[in-house]
Amino acid sequence: MLVDRDGRVGVVTLNRPRVLNALSPALMAELSQALAAFDADPEVRAAVLTGGPRVFAAGADIGDMSDRSPVDQLQRDQTGRWAGIAAFTKPLIAAVNGYALGGGCELALICDLIVAGDSARFGQPEINLGIIPGAGGTQRWPRTVGKYVAMEVNLGGAPITAQRAYQLGLVNRVVPAEVTVDIARQVAAQLAEKAPVALRLAKESVNQALELPLGEGLAVERKNFYFLFATEDQKEGMRAFLEKRRAQFRGR
Ligand code: COA
């Protein structure tokens, strides 16, 4: 995996091209560590997750998994550890070129925004291996695109194109593959200009909408809204608006 910083944007690039970025336990552990380090670093305000120009990730490492028993799976609890990635508190932008399959697709679905190259293909082919997704595929697809497309993808196993994903609201933008990562960096850099605490609570509130009944979700939103009036950034943001200048947010 490659980790780099571009101003306030952290960038993680999955880098196992020989196996199409198959997600081995070691790679997932590295990814968790990199995101935890970005989370702890106040200079990093948003992050991009990509597999580079050709492929995002072709799923869990089948070679690593083929002979495992249920007890092996339970003890390694590989997908349970993905909770650490979902817990990343800053905006996480997926830049997807080529295949995002199986765990690769589930990884993209954990991200907050998805920029897709026109070469991108999203799918859950686990059914073709005699299994089902284990890191959110059967749960995040229906919450994103509804039951019927989720059934098609999870039961049929065939991937969908970037364009169809865009029409379904699964991705934010489709761009030429050669600029996917640059555009995702730009999107992240724009978000990195916003007030960090407000970003964090906006992300948390939207994610709660997928978990909670409306009344409880609205209560979470309202409390987060009130809380933000305790931040210096709220004072700065509103003062800057009234003084017709650009706000300088400090994450306090
Ligand atoms: N785990 C382990 N290795 C993988 C892999 C995975 N998920 N996906 C691809 N690879 C390996 C292939 O075995 C091959 O290795 P080799 O060169 O040593 O034979 C290499 O990556 C290139 O893949 P290949 O199948 O030759 O490329 P392709 O362009 O013909 O097909 C895919 C690309 C993605 C359609 C095909 O590799 C595929 O179906 N992969 C599995 C996807 C999947 O089922 N994911 C869910 C896993 S739970």
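Atoms within each ligand, like the ligands themselves, are counted from 1 in listed order.
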>> Under 3.5 Å, is there a donor on one side chain and an acceptor on the other for Asn97 and Thr180?
In response: yes

> Can you tell me how far the CG atom of Leu23 sits from the CH2 atom of Trp82, to the nearest 0.5 Å?
Replying inline: 5.0 Å

>> Strictly less than 4.0 Å: does any protein heavy-atom distance to atom 7 (N) of ligand 1 fall in that range?
In response: yes

> In terms of atom number and element, which parts of ligand 1 are under 4.0 angstrom from non-hydrogen atoms of Leu101?
Replying inline: 34 (C)

> If we only count heavy atoms from C-beta on, is the Val115 to Val181 side-chain gap below 4.5 Å?
Replying inline: no

> Ala22 heavy atoms, cut-off 4.0 Å: which ligand 1 atoms fall inside?
Replying inline: 1 (N), 2 (C), 6 (C)

>> Taking the side chain as everything from C-beta on, heavy atoms only, tell me whether Val55 gets closer than 4.5 Å to Pro17.
In response: no

> Does an N or O from Ile62, backbone or side chain, lie closer than 3.5 Å to an N or O of ligand 1?
Replying inline: yes

>> Just to confirm my output: which protein heavy-atom neighbour is closest to atom 44 (O) of ligand 1, and how far is it?
In response: Pro125 CG, 3.5 Å

>> Could you go through Ile127 and Asn154, starting from their C-alpha distance and side-chain angles, then the distance that decides it, and tell me whether this counts as side chain to side chain contact (heavy atoms under 4.5 Å, CB included)?
In response: CA-CA 7 Å; Ile127 199 81; Asn154 280 279; over 6 Å; no

> Can you tell me how far the CD atom of Glu221 sits from the CD atom of Glu216, to the nearest 0.5 Å?
Replying inline: 14.0 Å

> Any donor-acceptor pair under 3.5 Å linking the side chain of Lys235 with the backbone of Phe229?
Replying inline: yes

> Which residue from Gly103, Ala58, Gly59 reaches closest to atom 42 (C) of ligand 1 through any of its heavy atoms?
Replying inline: Ala58

> Under 3.5 Å between some N or O of ligand 1 and some N or O of Ala60?
Replying inline: yes

> Do you see a protein non-hydrogen atom under 4.0 Å from atom 37 (O) of ligand 1?
Replying inline: yes

> Would you say atom 26 (O) of ligand 1 touches the protein, meaning some protein heavy atom is under 4.0 Å from it?
Replying inline: no

>> Can you name the atoms of ligand 1, numbered from 1 with element, that are less than 4.0 Å from a heavy atom of Glu126?
In response: 48 (S)

> Going by the atom numbers of ligand 1, which of them fall below 4.0 Å from some non-hydrogen atom of Leu129?
Replying inline: 44 (O), 47 (C), 48 (S)

> Got a protein heavy atom sitting under 4.0 Å from atom 21 (O) of ligand 1?
Replying inline: yes

>> salt bridge (charged side-chain N to carboxylate O under 4.0 Å, His left out), that's the test. Do Asp233 and Lys194 meet it? Break it down for me.
In response: CA-CA 9 Å; Asp233 284 347; Lys194 314 283 184 202; over 6 Å; no

>> Between Asp112 and Leu92 (side chain of the first, backbone of the second, donor and acceptor by atom type, cut-off under 3.5 Å), is there such a pair?
In response: yes

> Counting distance only, does the side-chain N/O of Asn172 pair as donor-acceptor with the main-chain N or O of Ile114 below 3.5 Å?
Replying inline: yes

> Could any protein non-hydrogen atom be found less than 4.0 Å from atom 48 (S) of ligand 1?
Replying inline: yes

>> Please confirm whether Met65 approaches ligand 1 to less than 4.0 Å, judged on its heavy atoms.
In response: yes

>> Give me the nearest non-hydrogen protein atom to atom 11 (C) of ligand 1 as residue plus atom name, then the distance to 0.1 Å.
In response: Val19 CA, 3.9 Å

> Nearest protein heavy atom to atom 14 (C) of ligand 1: under 4.0 Å?
Replying inline: no

> With a 4.5 Å heavy-atom cut-off, do Asp39 and Val44 have their side chains touching?
Replying inline: no

> Hey, looking at atom 18 (O) of ligand 1, which of Arg121, Arg18, Arg16 has the closest heavy atom?
Replying inline: Arg18

> Considering only heavy atoms from C-beta outward, does the side chain of Leu27 approach that of Arg16 to under 4.5 Å?
Replying inline: yes

> What is the nearest protein non-hydrogen atom to atom 32 (C) of ligand 1, stated with its residue, atom name and distance?
Replying inline: Tyr99 CE1, 4.1 Å

>> I'd like to check atom 1 (N) of ligand 1 in this structure: does the protein have a heavy atom lying under 4.0 Å from it?
In response: yes

> Which residue owns the protein heavy atom closest to atom 24 (P) of ligand 1, what's the atom, and how far is it?
Replying inline: Leu20 CD1, 4.5 Å

